[in-house]
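Counting begins at 1 with the first residue of the sequence.
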Amino acid sequence: MDIWMVFAVLCAYFVKGMCGFANTLVFSTILSFRESNLNISPVELLTGYPSNILIAFRERKSLSLRICLPLSAMVVAGSVPGAFLLKNGDVGWIKILFGFAVAGIGAELYVREQKGTGKKGKSSPVALGILGLLSGLLCGLFGIGALLAAYVGRTTQDNSAFRGNLCIVFLVENTFRVFLYAKLGILTWEICKTSLCLMPFMLAGLGAGIFFTGKCSEQFVRRAVVWLLMASGVFLVWSNMSVLFW
């Protein structure tokens, strides 16, 4: 087994257990210089599927259908063009644009956190639709849920609600994307075998992240989420500008 991929899974799901997202960011960052997104995205999709079930079940008392159901519908709708672009398109410029958007949202959340204005914001149907569709496109392309995290982070009161609702949306989107990737030929038997071999390492990383979260304050986890959002945006911009221009 590829030791570098094992390391990537352990790191990615430690972060997932702690924050509820950014596993794809970490996984892709570690492997992006060795593998294409066409290979990274389906492996991470299958490896991460059980993690969303486990976190959503653990935080089931904090779930809100008002948040997760409409956002799930928008994400599924956006996943279709995202998956087609992944298979057929040159997505470098799309990554750069999304990177700026994600970094900007993360910076805005950081300012809100520094001012002490709290996490919860009034839900806007327009913002829900736009962020949902863009999030679905981003998930379909790369499996990255940073825009989802930005929206859910503004509409939930605490970290349990944040992780639970976010992982329910991921679970719906992942289920749809498994069938879509299989239909498009992105999901192969070799990828399935690789993902199955990585499952024990995913569970180890996830368990360590969940344990670590229980030892940290709400404020620490909120700030970790904000920094991961900004880091994901910067990574998307930097990695793709380096490919396009250097």
Side-chain angles (χ1 to χ4, degrees), residues 4-32 35 37 40-60 62-63 68 71-72 75 102 106 109 135 138-153 156 158-175 177-178 194-218 220-233 235-236:
W4 198 242
M5 190 169 282
V6 169
F7 174 72
V9 167
L10 287 170
C11 293
Y13 287 93
F14 176 82
V15 174
K16 173 79 168 181
M18 186 177 72
C19 298
F21 81 109
N23 45 298
T24 306
L25 163 67
V26 176
F27 192 74
S28 299
T29 302
I30 295 173
L31 295 179
S32 61
E35 301 284 346
N37 280 301
I40 294 172
S41 292
V43 168
E44 205 283 325
L45 171 64
L46 293 183
T47 306
Y49 194 95
S51 70
N52 290 314
I53 297 175
L54 292 171
I55 294 177
F57 180 78
R58 185 173 184 268
E59 310 293 359
R60 62 192 180 279
S62 300
L63 299 179
C68 60
L71 192 53
S72 295
V75 166
V102 171
L109 289 173
S135 298
L138 196 60
C139 284
L141 279 167
F142 323 116
I144 294 173
L147 287 176
L148 285 177
Y151 183 84
V152 176
T156 51
D158 55 48
N159 292 326
S160 292
F162 173 78
R163 289 193 299 270
N165 285 285
L166 188 60
C167 286
I168 281 289
V169 179
F170 283 149
L171 186 58
V172 172
E173 186 275 336
N174 286 178
T175 301
R177 193 151 49 96
V178 164
T194 298
S195 302
L196 186 62
C197 291
L198 291 171
M199 288 293 179
F201 303 101
M202 179 277 290
L203 292 172
L206 187 73
I210 290 173
F211 175 81
F212 184 76
T213 301
K215 305 297 181 181
C216 298
S217 67
E218 290 268 327
F220 175 85
V221 177
R222 285 201 306 271
R223 289 182 176 177
V225 167
V226 169
W227 282 107
L228 282 169
L229 280 171
M230 290 191 286
S232 65
F235 167 72
L236 282 172

*Who passes side chain to side chain contact (heavy atoms under 4.5 Å, CB included) against S72, sequence neighbours left out?*
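Side chain to side chain contact (heavy atoms under 4.5 Å, CB included) list for S72, sorted by chain: V169, V172.
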*Can you list the residues that meet the ring pair (Phe, Tyr, Trp, His ring centres under 6.0 Å) rule with Y49, with sequence neighbours excluded?*
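By the ring pair (Phe, Tyr, Trp, His ring centres under 6.0 Å) rule, Y49 matches no residue at all.
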Can you tell if the side chain of [X] reaches within under 4.5 Å of the side chain of [Y], non-hydrogen atoms only?
X: M202; Y: S51; result: yes
X: M5; Y: T194; result: yes
X: F27; Y: V43; result: yes
X: M199; Y: V9; result: no

*Evaluate side chain to side chain contact (heavy atoms under 4.5 Å, CB included) for F170 paired with K16, printing each intermediate quantity in order.*
CA-CA 12 Å; F170 283 149; K16 173 79 168 181; 3.5 Å; yes
Once you round to the nearest 0.5 Å, how far does [atom1] of [X] lie from [atom2] of [Y]?
X: L54; Y: C167; atom1: CG; atom2: SG; answer: 9.5 Å
X: M18; Y: L206; atom1: CE; atom2: CG; answer: 12.0 Å
X: I40; Y: T24; atom1: CD1; atom2: OG1; answer: 10.0 Å
X: F201; Y: C11; atom1: CZ; atom2: SG; answer: 13.0 Å
X: E173; Y: I168; atom1: CD; atom2: CD1; answer: 13.0 Å
X: L166; Y: N159; atom1: CG; atom2: CG; answer: 11.5 Å

What are the two closest heavy atoms between [X] and [Y], and how far apart are they?
X: D158; Y: A161; answer: OD1-N, 2.8 Å
X: R163; Y: G17; answer: CD-O, 4.2 Å
X: S195; Y: P42; answer: OG-O, 4.3 Å
X: N23; Y: Y13; answer: ND2-OH, 3.4 Å

*Indicate yes or no for a side-chain donor-acceptor contact from N165 to the backbone of S62 under 3.5 Å, with no hydrogens or angles considered.*
yes
*Within the side chain of R58, is there an N or O that forms a donor-acceptor pair under 3.5 Å with the backbone of I55?*
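No: the side chain of R58 does not pair with the backbone of I55.
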